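A note on names: the letters A, B, ... follow the listed sequences, proteins ahead of strands, and every chain is numbered from 1. Please read these numbers as outputs of a predicted model, since none were measured by experiment.
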Amino acid sequence: MKKGDHLFLVDGSGFIFRAFHALPPLTRKSDGLPVGAVSGFCNMLWKLLTNARDTSVGVTPTHFAVIFDYSSKTFRKELYPDYKANRSAPPEELVPQFGLIRQATRAFNLPCIETDGFEADDIIATYARAAEAIGADVTIISSDKDLMQLVTPNVHMYDSMKDKQIGIPDVIEKWGVPPEKMIDLQAMVGDSVDNVPGIPGIGPKTAAQLLEEFGDLDTLLARASEIKQVKRRENIVANADLARLSRQLVALRTDVPLELGLDALVLEKQDGPKLVAFLKAMEFGSLTRRVADACDCDAGAIDPATVTVEWGAEARGPDLDPGAGDAQAVDPAPSGPVADARPSASEKAEGARAADLASARHEAFMGKPIDRAGYVTIRDVATLKSWVAAARETGLVAFDTETTSLDPMQADLVGVSLAVQDNAASPAAGPIRAAYLPLGHKAGGDDLFSDGVKLVEGQVPMAEALALLKDLLEDPSVLKVAQNLKYDYLVMKRHGITMVGFDDTMLISYVLEAGVGAHGMDTLSERWLGHTPIAYKDVAGSGKSAVTFDRVDIDKATAYAAEDADVTLRLWLVLKPRLAAEGLTRVYERLERPLVPVLAHMEERGITIDRQILSRLSGELAQKAASFEDEIYALAGERFNIGSPKQLGDILFGKMGLPGGSKTKTGQWSTSAQVLEDLAAQGIELPRKIVDWRQLTKLKSTYTDALPSYVHPETKRVHTSYSLASTSTGRLSSSEPNLQNIPVRNAEGRKIRTAFIATPGHKLLSADYSQIELRVLAHVADIPQLRQAFADGIDIHAMTASEMFGVPVEGMPSEVRRRAKAINFGIIYGISAFGLANQLGIERSEAGDYIKKYFERFPGIRDYMENTKAFAREHGYVETIFGRRAHYPEIKSSNPSVRAFNERAAINAPIQGSAADIIRRAMVQVEPALARMGLSERVRMLLQVHDELIFEVEDEAIEAAMPVIVSTMEHAAMPALSMRVPLKVDARAAHNWDEAH
DNA sequence: ACGTACACCTA
DNA sequence: GTAGGTGTACGTC
C-alpha cells in the first residue's frame, strides 16, 4: 500500500444488525431461510466494488477488507465483566446470517478478518491508523457512533444505506464535538446497550458542553470543583473513576496484532463463477443476473454453491456466540435436523457456573424464614420514588399487582407490590426488601347509614403512582420479575402501561419441570423455598364472607402482597440460573417468554359472538331436547333425571334389564355414548334417544347458554384466557370460556361456530396446519415413505393403507383408508392394541396384527418409539425438536398400567410438543411479519386452537395478509432448524368461523 | 361450599 | 392409545 491508495473497511458485524432494522420486508430463501441481511450485504458490496465512484464516497477502492467480531469474550469483558452484560441474544433470524455473510465475503474474493479477544471496531481502528500513517485514505463502511472517534481528514465513514459520507463536520453536527473528543464524550455519556456506565445524569448535550468548556475529560475531572451546578458537580466528582473506566471501554485499540498486513488487502479481481454460484445458492435472482452480465459468465451453466448454514446451537443450548453454531450443509436441498443437543465447551463451562449459582442460592433460601415485619407500606410519593430508584439502581425488581378480580379483563387495580435486592449480582447480596403500594383500598357503603364508599386515607393518588410506575415498567433496562406475568401485563396494559423487559417465574419453572407438579406460586414456594405464603382466603375470606381485595385492611394487605413480591424475587434468584445450568435458556427465551405479550394482546382483543344466533339456537335445542325427554320418559315408563348417569343406569340395566357393557372405575354401569350406541345397534330404541338428548343438552348448556355470559360488559366481546403452563407437552390451554373446544365435527354443533363473527368491514381468517403431527413424526423418526408422501403432497392415510394392505391409492375403499387413518393417529398417541381395537371396533388380536404389520413397513417408527422410551427411562423426561422437556417421573413405576400409560405419553409428547413449539414460534413471528408489511393495524390475531390461528382482518387487507400469515406459519421452524418435511398451511377467510374453517 | 365422577366437546 | 376444559349430579364437609 502506498500514498494515495484507498482502503475500504466494512464493519461486517455492524452491517447485519443495521440491515435487519433498515430493510423492512423479510426476505427468505425458498426453503424459508431468512437472508434479508445477506442480500443487503451482497448488494452493498457489489455496488462499492463496481461503482463506488458514483456513490457519495466518490472514489474507487484499491484495498478492501470486511471485518467481523470474533466472540463476545474481549479484553473489555476482562476489564469490566458487565460490559455488554445487558445484551440479549440476537434476533433469531439473524443468527444463520452471520455465517452466510462471511461466506458471501469470501465469494466476493475479499479478505474476511476477525481476531480473538478484540471487537471488529478495534481491528478497523488498527487498519485505519496504519493506512493513514502510510498516507493512504480510508473509508469505513459503517455509521456506528463507536467508530466516529476514528474520523480524520484522511479517514471517512460511509453510511451505505443512506448513501451518506460522514466526515469531521458531520460528527460535530451530530455530537457537538470533533471526532478526537468522541472518546471522552462517550466515556461520560455511557451506553446502555453495551452497558458502559458513564456518569449518571450526563447525556450527550451536557457532555459536549462540558468538553467545550474544559477541553477534555482529564481536565474536567481535575477541575470538577469549578462546576457551578451543585448536583452535576457532586455527580462528576463521585463518578470520576467510573468515567475513566468507561473511557477505557469506549477507546478503540489501534494495536491489534494483524494476521494480514495492509498489502494483503489489495483488491483482487472478482472470480465471476464463484460469486455467481454463491448468489444462485442464495436465490438472489437480480443480483445474480447483474453479476453474471458483468463477469461475462453464463449463470445458467453454473451450479449453485454448497452453502454452510450455522444454526444448530440456536435451537437449544444456554448461550450463543455468533458463528459458534454447529454447521450443516443444506444446499441445494435442506435436510434437517440441524439441532444438536451437545453443548460446546464454553456452554458447558457457563452451564456449570450457573448450576453452582443455582444450588448456592437454593441452599441460601431453602427454609430461610421470611420476615414479614420488615415489609413497608408505601404511603407517599417520596417513598414510592425511593423504591423506584432502588429498582433502577439494581436493575431488578419483583412486581405483583393486587386487584378486585381473578379475571384480568375485569380487574380493577387495588395495589402494587415491589421487591428488590441490593447488590443482587455479587456473592454478598443484600437482604430482600419488599413493599406494598396501596392505591385503591376502599371502605364504607356497606350499610344504609354510611355516607357511601370512600377511598381509605393515606394512599398515593392512582394517576401519580401510575406515572411513576410507567417509567419503570416500560424501561427495558430494568428487569421486572413476576409470577404469572400475563395477568399483571394485562392489568397494567388496561391502565396504559405496556411492560417491557420481564421474566416470569411460573414460565421458568414450567420450562424446567413441565410435568412435575404445578407451577403456581404457593407450590413453587413450598418446593424451592420451603415456605408457605399467606393464603389469599386468610386475608380476603372465602365463600359468602369473601370480600374483594379493595376491602382488605391495608396492613393485612401489605403482609400478603409484599410477601408475594418477596417470594417471587426469591424464586427468580433460585430458578433463573437453573435455566442456563440445564441448557434451557433458549426454550424459555424463544418459545415461552415472548408469548406473554402475544397472548395478552389476543386475550385483550377478544372475539365477537352474535348473541342472537346463540339464543335462537338455544331455543331450538331446548325444544328438541324437551320432545326427546317426553319420548324417553314414555319408553322408560317413568320420569327420572336423564342427566344422572346413576339414575339412567338403574333404568337401563336395572328396571329394563338390558345387558350392561362396561363398568366405570367406581363400579357403576357405564352409560357412555359407546355403550349406548352398542345397545342402539341391537335395535333398542331408548339408548339412541339418550345419546341424542345428551348431544343437544351438551350443546345448549356448554355453548349456546354459557357463551353469552362471557361477553364483556364494555368491549362486548368474549375474552378467553390462555394458560401457558398447564400442559405437560407445551400446548396452550384455554378457559373461561374454553374456545379450543367449540364443536365442529357435526352439523348441529357447527352451527355454534356461525355465532363467532368478524367486526363489520372485516372477515375472520382461519389458518391451520395440515397434518402437522404426522409431519413432525416423519421428521423426528425420519421415515422415508412419509417424507416422500409429504414432499409429493400425497394423501398420507391412503399412502399408509397402500403400504400396509397393498391396496392401490386409486379407487381405495373408504373403510381401508379409515383404518389406516386410525392407525396413524394411534401411532401419534403411543399405540396399543387395546386402544386401536376400541377405536376401530375390532378384536384386540386383529389390532395387534395391524400394529405388527405397520412396524414391519415402517421400522423407523418402532425404533423411534423404543428410543424415546429408553430416553425417558434414562432421563425422566423427553424432548421436542426445539429442546423443550416434558417430564415423566412415573415412567419407571412398578405398576404396569401406570408405566405403560407414561410410556405412551412419553411417545406422544415430542410429537404433540414439537407441533406446539412450531405454532408458538409462528405466533411470535407473525405480528412482526405483518408489521413489516404495514398490516399491523389491519390484521389482529385473536385465537389459537393447537394447529389453527384465527385472525380478524380488514376486508381490503385479506389479500395482502393471507400470504404473510401462511408463509410465516409454514416457515416457523426456521431458522432454528430445518424440517425434513415441508409444513403446509390452509387458510380461508369468511364472515364467521364456521365458513372460514 | 367444595371436590370428584362421569360424560363429552376440541386438536 | 395423547393433550386439554366444562357442565351436571352427587357426595362430603
* Enumerate the residues from residues 613-627 of chain A whose closest heavy atom to DNA chain B is under 4.0 Å, giving them by residue number; use none for an empty result. => none
* T720(A) side chain to S734(A) side chain, donor-acceptor N/O pair below 3.5 angstrom -> yes
* To do: Have a look at S542(A) and say if it touches a base, only the backbone sugar-phosphate, or nothing, with a 4.0 Å heavy-atom cut-off.
  => nothing
* Would you indicate what E773(A) reaches in the nucleic acid, counting non-hydrogen atoms under 4.0 angstrom: base, sugar-phosphate, or nothing? => nothing
* Structure fact -> Value for CG (L507(A)) from NZ (K486(A)), rounded to nearest 0.5 Å, stands at 9.5 Å
* Asked: Between L943(A) (CG) and dT10(B) (C1'), how many Å, whole number?
  -> 13 Å
* Structure fact -> From OH of Y829(A) across to C1' of dT10(B) the rounded distance in Å is 10 Å
* Any R694(A) side-chain N or O less than 4.0 Å from OP1/OP2 of dC8(B) -> yes
* Asked: Base, sugar-phosphate, or nothing for T697(A), non-hydrogen atoms under 4.0 angstrom?
  -> nothing
* Asked: Please walk me through it: do Y633(A) and F628(A) pass ring pair (Phe, Tyr, Trp, His ring centres under 6.0 Å)?
  -> CA-CA 9 Å; Y633(A) 296 146; F628(A) 271 108; over 10 Å; no
* For the residue pair Y877(A) and F871(A), does the interplanar ring angle fall in the parallel (under 30°), tilted (30 to 60°) or perpendicular (over 60°) class? -> perpendicular
* Over how many whole Å does the gap from I642(A) atom CD1 to dA7(B) atom P extend? -> 15 Å
* Closest non-hydrogen atom pair between A847(A) and A833(A), with its separation -> CB-O, 3.4 Å
* Asked: Can you tell if the side chain of S728(A) reaches within under 4.5 Å of the side chain of Y888(A), non-hydrogen atoms only?
  -> yes
* Structure fact -> Note: contacts of residues 742-753 of chain A with DNA chain B (heavy atom, under 4.0 Å) are I742(A), P743(A), V744(A), R745(A)
* Structure fact -> L699(A) atom CG is separated from dT10(B) atom C1', nearest whole Å, by 13 Å
* Could you name each residue pair satisfying side chain to side chain donor-acceptor pair (under 3.5 Å) that touches residues 512-524 of chain A, not counting sequence neighbours? => S509(A)-H519(A), E513(A)-R527(A)
* Using a 4.5 Å cut-off on heavy atoms from C-beta on, say whether the side chain of L777(A) contacts that of L774(A). => yes
* Hey, does M941(A) have a side-chain heavy atom less than 4.5 Å from the side chain of L949(A)? -> yes
* Asked: Is there a donor N/O on one and an acceptor N/O on the other, under 3.5 Å, for the side chain of K698(A) and the base of dC9(B)?
  -> no
* Is A833(A) touching bases, backbone alone, or none of the nucleic acid, heavy atoms closer than 4.0 Å? -> nothing
* Asked: In whole Å, what is the span from the CD1 atom of I950(A) to the P atom of dA11(B)?
  -> 10 Å
* **Minimal non-hydrogen separation, V744(A) against R750(A), with atom names** => O-NH1, 2.9 Å
* With sugar-phosphate meaning primed atoms plus P, OP1 and OP2, does A837(A) contact a base, only sugar-phosphate, or nothing at under 4.0 Å between heavy atoms? -> nothing
* Under the 3.5 angstrom rule, does the side chain of K853(A) hit a backbone N or O of M804(A) as a donor-acceptor pair? -> yes
* **Boundaries of the DNA chain C segment in contact with chain A, non-hydrogen, under 4.0 Å** => dG1(C) to dC10(C)
* Asked: Touch check for G826(A), heavy atoms < 4.0 angstrom, all strands: base, sugar-phosphate only, or nothing?
  -> base
* Ring geometry between W669(A) and F653(A) (parallel below 30°, tilted from 30 to 60°, perpendicular above 60°) -> tilted
* Could you state the atom-to-atom distance from CD of Q740(A) to P of dA11(B) in whole Å? => 10 Å
* Structure fact -> Residues in residues 658-680 of chain A with a heavy atom under 4.0 Å of DNA chain B, by number, are T664(A), K665(A), T666(A), S670(A), T671(A), S672(A), A673(A)
* To do: Would you classify F901(A) as touching base, sugar-phosphate or nothing, given that sugar-phosphate means primed atoms plus P, OP1 and OP2, and contacts are heavy atoms under 4.0 Å?
  => sugar-phosphate
* Structure fact -> I690(A) atom CD1 is separated from dC6(B) atom P, nearest whole Å, by 18 Å
* Which of residues 987-997 of chain A have a heavy atom under 4.0 Å from DNA chain B? -> none
* **Nucleotide dA11(B), atom P - distance to CG of N741(A) in whole Å** => 9 Å
* Enter the distance from W993(A):CH2 to L764(A):CG here, rounded to the nearest 0.5 Å. => 9.0 Å
* Electrostatic pair R639(A)-E629(A), nearest N-O below 4.0 angstrom -> no
* To do: Tell me what Q647(A) touches on the nucleic acid: a base, only sugar-phosphate, or nothing, going by heavy atoms under 4.0 Å.
  => sugar-phosphate
* Please work out if S733(A) contacts a base, only the sugar-phosphate, or nothing of the nucleic acid, heavy-atom cut-off 4.0 Å. => sugar-phosphate
* Is I831(A) touching bases, backbone alone, or none of the nucleic acid, heavy atoms closer than 4.0 Å? -> base
* Between atom CZ of F756(A) and atom CD of E952(A), what is the distance when rounded to the nearest 0.5 Å? -> 13.0 Å
* **Non-hydrogen side-chain atoms of L724(A) and Y510(A) separated by less than 4.5 Å** => no
* Asked: Does a side-chain heavy-atom distance below 4.5 Å link L648(A) with I690(A)?
  -> yes
* To do: For R904(A), report the nucleic acid contact type (base, sugar-phosphate, nothing); a contact means any heavy atom under 4.0 Å.
  => sugar-phosphate
* Asked: Less than 4.5 Å apart, any side-chain heavy atom of Q925(A) and any of M969(A)?
  -> no
